[in-house]
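Working notes, beginning with the structure itself.
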2 protein chains.
Amino acid sequence: MGKQITEMLKGTLEGIVLALLTGKPAYGYEITTLLRDQGFTDIAEGTVYALLVRIEQKGLVDVEKRPSEKGPPRKVYSLNTQGTQELEEFWRTWSFLAERIEQLHSTDRIEGEK
Amino acid sequence: MGKQITEMLKGTLEGIVLALLTGKPAYGYEITTLLRDQGFTDIAEGTVYALLVRIEQKGLVDVEKRPSEKGPPRKVYSLNTQGTQELEEFWRTWSFLAERIEQLHSTDRIEGEK
DNA sequence: TACTGGTACATAGTATCGCTGAGTAGTGAA
DNA sequence: TTCACTACTCAGCGATACTATGTACCAGTA
């Protein structure tokens, strides 16, 4: 997919992860595989963990440590009130951007047909 | 709009500018005002000029210097073949991302209604 | 003349964020 | 013991947008 997606994920990946956490707490490794399942095959593990540290420090999630049947204990993240607000703000920002870009996309196509 | 949009623009602003240039060459100052008109009110002039330098160095645009009636000469940028290809790649990447995020958005709304 | 404001471009320094690459550790199966 | 999967951590890097500032040209006006 090239390098474009890397830059495009900046600012959106956080929202994507917050959205994944809506209603269903999850731990880092689980989130990574969820992302891979959804088509983001190239997202590095390290990226996800770093992001989780960030949103925890921003106070957007609550963390609970739980033992795992296999492997080290898990850190389970769940969206709190502040995280929910941040997610809503994310959707507003995303919609703003997406609307304008889609508009450019359609006018581009019309130009192209001339 | 906060800082979310700043991060979200990374990777998309270049595509936005390339799209603006489709079929109609433009110069930096003009592009800045175009962006402002389209709702991107907070984009700094410096950001646009830096981006234009970048896409010129990448060879995505052709540049022509033209005198202005008012003020210093303008640098008029026009999309070339390579730029057009880059823009097409941008649309593919954007569609990939937008589809997945919109899907998350809809499932989020459904979750929220429960 | 001096000043203001609009036009037009440029750039040094900073912060953010995702990626690379490597490492640590626990578990179970071959 | 070796491998593979699970699970988390971290140092260093590169790309990009923002801040702040500067240069320069022109027109109107007090």
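Each chain gets a letter, A, B and so on, in the order the sequences are listed, and its residues count up from 1. Just so we're clear, the structure is a prediction, and the values are computed from it rather than from any experiment.
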Closest heavy-atom contact between [X] and [Y]?
{"X": "A:Leu20", "Y": "B:Leu104", "result": "CD2-CD2, 3.8 Å"}
{"X": "B:Ser106", "Y": "B:Gln103", "result": "OG-O, 2.8 Å"}
{"X": "A:Arg36", "Y": "A:Ile43", "result": "NH2-O, 2.7 Å"}

With sugar-phosphate meaning primed atoms plus P, OP1 and OP2, does [X] contact a base, only sugar-phosphate, or nothing at under 4.0 Å between heavy atoms?
{"X": "B:Lys70", "result": "sugar-phosphate"}
{"X": "B:Gly28", "result": "sugar-phosphate"}
{"X": "A:Glu30", "result": "nothing"}
{"X": "B:Gly11", "result": "sugar-phosphate"}
{"X": "B:Leu13", "result": "sugar-phosphate"}
{"X": "A:Ser68", "result": "sugar-phosphate"}

- For A:Pro72 and A:Ala44, take the nucleotide of DNA chain C holding the closest heavy atom to each; which residue's nucleotide lies nearer the 5' end?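 The 5'-side residue here is A:Ala44.
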
Measure from [atom1] on [X] to [atom2] on [N] and round the result to the nearest Å.
{"X": "B:Leu51", "N": "C:dC9", "atom1": "CG", "atom2": "C1'", "result": "15 Å"}
{"X": "B:Lys65", "N": "D:dC25", "atom1": "NZ", "atom2": "C1'", "result": "13 Å"}
{"X": "A:Ile5", "N": "D:dT16", "atom1": "CD1", "atom2": "P", "result": "14 Å"}
{"X": "A:Leu60", "N": "C:dC17", "atom1": "CG", "atom2": "P", "result": "11 Å"}
{"X": "B:Lys3", "N": "C:dT16", "atom1": "NZ", "atom2": "C1'", "result": "10 Å"}
{"X": "B:Glu45", "N": "D:dA24", "atom1": "CD", "atom2": "P", "result": "17 Å"}
{"X": "B:Met8", "N": "C:dT16", "atom1": "CE", "atom2": "P", "result": "17 Å"}
{"X": "B:Ile43", "N": "D:dA20", "atom1": "CD1", "atom2": "C1'", "result": "18 Å"}

[X] has a side chain; which of [options] sits nearest to it?
{"X": "B:Thr47", "options": "D:dC18, C:dC9, D:dA7", "answer": "D:dC18"}
{"X": "B:Tyr49", "options": "D:dT16, C:dT7, C:dA10", "answer": "C:dA10"}
{"X": "A:Glu7", "options": "C:dC17, D:dA15, D:dC18", "answer": "D:dA15"}
{"X": "A:Tyr29", "options": "D:dC8, C:dC17, D:dT16", "answer": "D:dC8"}
{"X": "B:Tyr27", "options": "C:dC9, D:dT9, C:dC19", "answer": "C:dC9"}
{"X": "B:Arg74", "options": "C:dA8, D:dC5, C:dT16", "answer": "C:dA8"}
{"X": "A:Lys75", "options": "C:dC9, D:dT9, C:dC19", "answer": "D:dT9"}

- Item | Side-chain donor/acceptor contact of B:Lys10 with base of C:dT16 under 3.5 Å |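 Indeed, a donor on one side and an acceptor on the other fall under 3.5 Å apart.
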
- Message: Between the side chains of B:Glu14 and B:Lys58, is the shortest nitrogen-to-carboxylate-oxygen separation below 4.0 Å, so that they form an ion pair?
- Response: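 A salt bridge is present here (some side-chain N lies under 4.0 Å from a carboxylate O).
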
- Query: Hey, does the side chain of B:Arg54 come within less than 4.0 Å of D:dA17's phosphate (OP1/OP2), counting only N and O?
  - Reply: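 It does, given that an N or O in the side chain of B:Arg54 lies less than 4.0 Å from OP1 or OP2 of D:dA17.
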
- Query: Taking the six-membered ring for Trp, are A:Trp94 and B:Trp94 parallel (under 30°), tilted (30 to 60°) or perpendicular (over 60°)?
  - Reply: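 Because their plane-to-plane angle is under 30°, the rings of A:Trp94 and B:Trp94 count as parallel.
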
- Task: Measure up the B:Trp91 and A:His105 rings against each other and bin them: parallel (under 30°), tilted (30 to 60°), perpendicular (over 60°).
- Result: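 Aromatic pair B:Trp91/A:His105 classed parallel.
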
